[in-house]
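Report on the following structure.
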Protein chains: 2
Amino acid sequence: MNVAVDFGGAIHLQARSPYPAPVAKRDVPQSRRLAAGEALFFEGDDANFVYEVLDGVLRTSKVLCDGRRLVVSFNYPGQLVGFSHDTVQHATCEAIGKAKVAVIKRSALSSIIRDRPEFAEQLLRFTAESLNSMQEHFVVLGRKCASEKIASFLLALAEREAESDGGAVAFRLPMTRSDIADFLGLTIETVSRNLTALKSEGVIDLPQTNLVRVRNIERLRDKTLQEHS
Amino acid sequence: MNVAVDFGGAIHLQARSPYPAPVAKRDVPQSRRLAAGEALFFEGDDANFVYEVLDGVLRTSKVLCDGRRLVVSFNYPGQLVGFSHDTVQHATCEAIGKAKVAVIKRSALSSIIRDRPEFAEQLLRFTAESLNSMQEHFVVLGRKCASEKIASFLLALAEREAESDGGAVAFRLPMTRSDIADFLGLTIETVSRNLTALKSEGVIDLPQTNLVRVRNIERLRDKTLQEHS
DNA sequence: CGACGGGTTGAAGTAAATCAATAGGGGTGG
DNA sequence: CCACCCCTATTGATTTACTTCAACCCGTCG
């Protein structure tokens, strides 16, 4: 997303987009540090807080009683997590590595919306963008084959790292193969196989297991939707 | 969702939930009637309007260039469609049968949010509920097998029709098998096979192709998550 | 009546899962 | 510093759930 919002000092969705820069922070934002793997909240917890990711990457997921897991989203700095329509959290949110979040009392939301309509608007824009990107992910989950899923995933990460150095983009994969598999509705074996396939085709490099260098982003883009005819 | 909102007469998300009843309608809401199959908007259209479904059922979908389609959601009365974070629509929305929608100018949203913070709050609640239900659908798409997908789909429809007459619930399927398939990431054949399987097991009845009677909702619920061990 | 679209049912094919073994890599302790 | 372990990742062989292909049914409509 990347809306810039000042929220009484507590919230400040990061600004890359053409939105007003944050104004004065009246209060010290209440923030919380998380260790690698630490949970921010679990599915079923009281949804008393909303969080903004400040640093690190979080993982929002749902687990079925038989152990099957689906990763709903990876949450990067500037994104909001824990925003529920009712009183409980509907997914679990954990830090992948060390992370830092801003903590916003849910009970404070109403008054803030009332006092700062521009905040309400930006919050809505944020949720709308989430909605739209989730719709795109539906297509990936429901209608793309394994190789297209992997390519789509890598492309999305590559585009998030706008720092393309002459066509080539390199980025870290903070998440494990298991996380990727559970995000794309695949198994770790299938993820692994398709990554090595992309590597041997010369589309990407894998200098380390969690380091990707896209050698040819256009070929990667082609892979997100191969007319296999 | 089912928030009750008065929106200068134009918007009025239907109320089943504990929200204030609509107040006076100052303007005649601008509404639009749709014929069966008619499109409300296409992916790529300018997102100048947001719509509230008043009557009938709509289908929001995305199509890939090779024809693969994914139905993002079925939109029942009280729901909002066409809410985009930017200037274009990211999915296509069509009426399944005859339908009627309220039309809201997108440009009017800001001022309305400013004037009516309670509307902003309810709109946020609506988007948050969409977000949460989409997360649940991720699990269905990404981690459930065909029979579980079908059971989950039918259960969701059954629970929407709260009019249970002594354990048994009956409802119409306004959408085709093809729509269901594209919603669940399956083929029409698989949908058909699994429906007949549920029928022969005595879980449901199919008096007509688009009429479902749930004979045993608890067994249906079990089917949404079978530990196939 | 015959054509058409949507739905069901059957047989065969295949992409991805599962099962299984091996390889790498980072941290700990000797 | 090296040896070992544990966990993650890779690679291979086999199985399977779902798709694909194909035939047929049935209600509707010109």
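Each chain gets a letter, A, B and so on, in the order the sequences are listed, and its residues count up from 1.
- You'll find the side chain of B/Val72 stays beyond 4.5 Å of the side chain of A/Met134, heavy atoms only.
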Between side-chain atoms of residues 198-205 of chain B and protein atoms elsewhere (two or more places apart, or another chain), which donor-acceptor pairs fall under 3.5 Å?
{"unit_1": "B/Ser200", "atom_1": "OG", "unit_2": "B/Thr196", "atom_2": "O", "d": "2.7"}
{"unit_1": "B/Ser200", "atom_1": "OG", "unit_2": "B/Ala197", "atom_2": "O", "d": "3.2"}
{"unit_1": "B/Glu201", "atom_1": "OE1", "unit_2": "B/Lys223", "atom_2": "NZ", "d": "2.4"}

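- Atom CZ of A/Arg143 and atom P of D/dC18 are 13 Å apart (whole Å).
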N/O-N/O pairs, protein side and nucleotides 21-23 of chain D side, under 3.5 Å:
{"unit_1": "D/dC21", "atom_1": "N4", "unit_2": "B/Glu189", "atom_2": "OE2", "d": "3.1"}

Readout for nucleotides 24-30 of chain D: B = base within 4.0 Å of protein heavy atom, S = sugar-phosphate only, - = neither; 5' to 3' it is -------
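- Look at B/Thr190 and you won't find any side-chain N or O under 4.0 angstrom from OP1 or OP2 of D/dC18.
- Rounded to 10 degrees, the angle separating the terminal helix axes of the helix from C/dC1-D/dG30 to C/dG30-D/dC1, each built from five base pairs, is 30°.
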Enumerate donor-acceptor pairs with a distance under 3.5 Å from any side-chain N or O in residues 55-63 of chain A to protein atoms, sequence neighbours excluded.
{"unit_1": "A/Arg59", "atom_1": "NE", "unit_2": "A/Asp179", "atom_2": "OD1", "d": "3.1"}
{"unit_1": "A/Arg59", "atom_1": "NH1", "unit_2": "A/Glu94", "atom_2": "OE1", "d": "2.9"}
{"unit_1": "A/Thr60", "atom_1": "OG1", "unit_2": "A/Asn75", "atom_2": "OD1", "d": "2.6"}
{"unit_1": "A/Lys62", "atom_1": "NZ", "unit_2": "A/His90", "atom_2": "O", "d": "2.7"}
{"unit_1": "A/Lys62", "atom_1": "NZ", "unit_2": "B/Glu136", "atom_2": "OE1", "d": "3.2"}

Interface polar pairs with nucleotides 7-9 of chain D, N/O, under 3.5 angstrom:
{"unit_1": "D/dA9", "atom_1": "OP1", "unit_2": "A/Arg177", "atom_2": "N", "d": "3.1"}
{"unit_1": "D/dA9", "atom_1": "OP2", "unit_2": "A/Arg177", "atom_2": "N", "d": "3.2"}

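- The OG atom of B/Ser84 lies 11.0 Å from the CG atom of B/Asp45; values are rounded to the nearest 0.5 Å.
- Residue contacts for A/Leu186: at a heavy-atom cut-off of 4.0 Å it reaches the sugar-phosphate backbone alone, with no base atom in range.
- Summarising the geometry, the separation between CD1 on A/Ile150 and C1' on C/dA16 is reported as 12 Å, rounded to the nearest angstrom.
- Atom CZ of A/Arg172 is surrounded by more than 12 heavy atoms from other residues, nucleotides or ligands within 6.0 Å.
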